Asks: 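Handing you a structure now.
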Amino acid sequence: VQLVESGGGLVQAGDSLRLSCAASGESIISYVMGWFRRAPGKEREMIATRGTYTYSADSGRFTISTDNDKNMVYLQMNNLNPEDTAVYYCAASSSGWDSAFWGQGTQVTVSS
């Protein structure tokens, strides 16, 4: 499966942003879909996943959703703060995240 993220950009603290991930090649229903981020100098961080169950690292601010008909995955991010600045990645996993398919990432920058 091929994944292409979009929707990143420069926003101000307190703003909202919705990231999109377009999947092609295979249906996302065959995978657990996830959003991750990597900030400069930090480890990769899981933000949200959706498969049989839905997980969010911050359910009050980050919401993952999918549109199986469109083969799309979304990440709604609310009340952003500068600590959310990172490259955000979409991933599709069938057997663990280390062997998952990854997109190229989209940069999110939050100014104070």
Side-chain angles (χ1 to χ4, degrees):
V1 61
Q2 292 78 46
L3 305 170
V4 179
E5 303 94 335
S6 61
L10 173 63
V11 297
Q12 294 186 333
D15 284 352
S16 297
L17 202 60
R18 189 177 82 154
L19 304 182
S20 299
C21 173
S24 61
E26 294 182 72
S27 173
I28 61 173
I29 64 174
S30 300
Y31 297 91
V32 175
M33 302 303 299
W35 284 98
F36 294 74
R37 70 185 182 188
R38 187 188 295 273
K42 295 187 177 181
E43 297 290 320
R44 184 181 73 193
E45 179 183 7
M46 179 185 290
I47 299 301
T49 64
R50 185 177 178 94
T52 301
Y53 305 101
T54 299
Y55 162 81
S56 174
D58 187 343
S59 59
R61 297 195 305 130
F62 298 139
T63 304
I64 186 172
S65 62
T66 58
D67 186 329
N68 294 337
D69 290 338
K70 295 182 178 179
N71 226 26
M72 294 288 295
V73 187
Y74 304 99
L75 181 67
Q76 178 66 42
M77 304 188 294
N78 299 324
N79 193 24
L80 288 163
N81 59 66
E83 290 68 40
D84 296 316
T85 295
V87 178
Y88 285 71
Y89 298 91
C90 176
S93 171
S94 60
S95 59
W97 296 109
D98 287 342
S99 59
F101 296 95
W102 295 86
Q104 84 289 348
T106 185
Q107 176 72 46
V108 173
T109 303
V110 185
S111 63
S112 57

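Remember, predicted model here, so these are calculated numbers, not experimental data. Here, residue 1 is the first one in the sequence, and each next residue gets the next number.
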Asks: Using modelled atom types and a 3.5 Å cut-off, is there a donor and acceptor pairing between side-chain atoms of S20 and backbone atoms of G7?
Replies: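 No, because the side chain of S20 does not come within donor-acceptor range (under 3.5 Å) of the backbone of G7.
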Asks: Can you tell me if Q76 uses its side chain to pair, donor with acceptor, with the backbone of T63 under 3.5 Å?
Replies: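 Judged by distance alone, no pair lies under 3.5 Å.
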Asks: So, the side chain of E5 versus the backbone of C21: is there a donor-acceptor pair under 3.5 Å, distance only?
Replies: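 Not at all, since once roles are kept as given, no pair shorter than 3.5 Å links the two residues.
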Asks: Using a 4.5 Å cut-off on heavy atoms from C-beta on, say whether the side chain of M77 contacts that of D15.
Replies: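 They are not in contact (no side-chain heavy atoms under 4.5 Å apart), so the answer is no.
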Asks: Does the side chain of V1 reach to within under 4.5 Å of the side chain of M33, using non-hydrogen atoms?
Replies: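 V1 vs M33: side chains apart.
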Asks: Does T54 reach the side chain of I64, with side-chain heavy atoms less than 4.5 Å apart?
Replies: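 Yes. Closest side-chain heavy atoms under 4.5 Å.
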Asks: Heavy-atom count check: over 12 atoms from other residues, nucleotides or ligands less than 6.0 Å from Q12 CD?
Replies: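 No.
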Asks: Treat each ILVMFWY residue as a node, draw an edge where side-chain heavy atoms are under 4.5 Å apart, and state whether Y74 and L17 are in one component.
Replies: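 In one cluster: no.
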Asks: Are any non-hydrogen side-chain atoms of W35 and F62 less than 4.5 angstrom apart?
Replies: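 Side chain of W35 against side chain of F62, heavy atoms only: no contact under 4.5 Å found.
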Asks: Determine yes or no for a side-chain-to-main-chain donor-acceptor pair under 3.5 angstrom, with Q104 supplying the side chain and V4 the backbone.
Replies: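 Not confirmed, Q104 side chain does not pair with V4 backbone.
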Asks: May I ask you to check whether F36 and W97 place their ring centers less than 6.0 Å from one another?
Replies: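 Yes, close enough.
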Asks: Are any side-chain N or O atoms of S94 and backbone N or O atoms of Y31, one a donor and one an acceptor, separated by less than 3.5 Å?
Replies: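 Checked: no pair found.
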Asks: Counting C-beta onward and ignoring hydrogens, is there a side-chain heavy-atom pair between L3 and Y89 closer than 4.5 Å?
Replies: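 A side-chain contact is absent here, since even the closest heavy-atom pair is not under 4.5 Å.
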Asks: Kindly indicate whether the side chain of R61, heavy atoms from C-beta on, has any atom under 4.5 Å from the side chain of D84.
Replies: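 Answer yes - side chains close enough.
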Asks: Applying salt bridge (charged side-chain N to carboxylate O under 4.0 Å, His left out), name anything that partners R44, two or more places apart in sequence or on another chain.
Replies: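 R44 satisfies salt bridge (charged side-chain N to carboxylate O under 4.0 Å, His left out) with D98 once adjacent residues are dropped.
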Asks: Does any non-hydrogen side-chain atom of N71 lie less than 4.5 Å from one of S27?
Replies: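 Result yes, sub-4.5 Å side-chain heavy-atom pair found.
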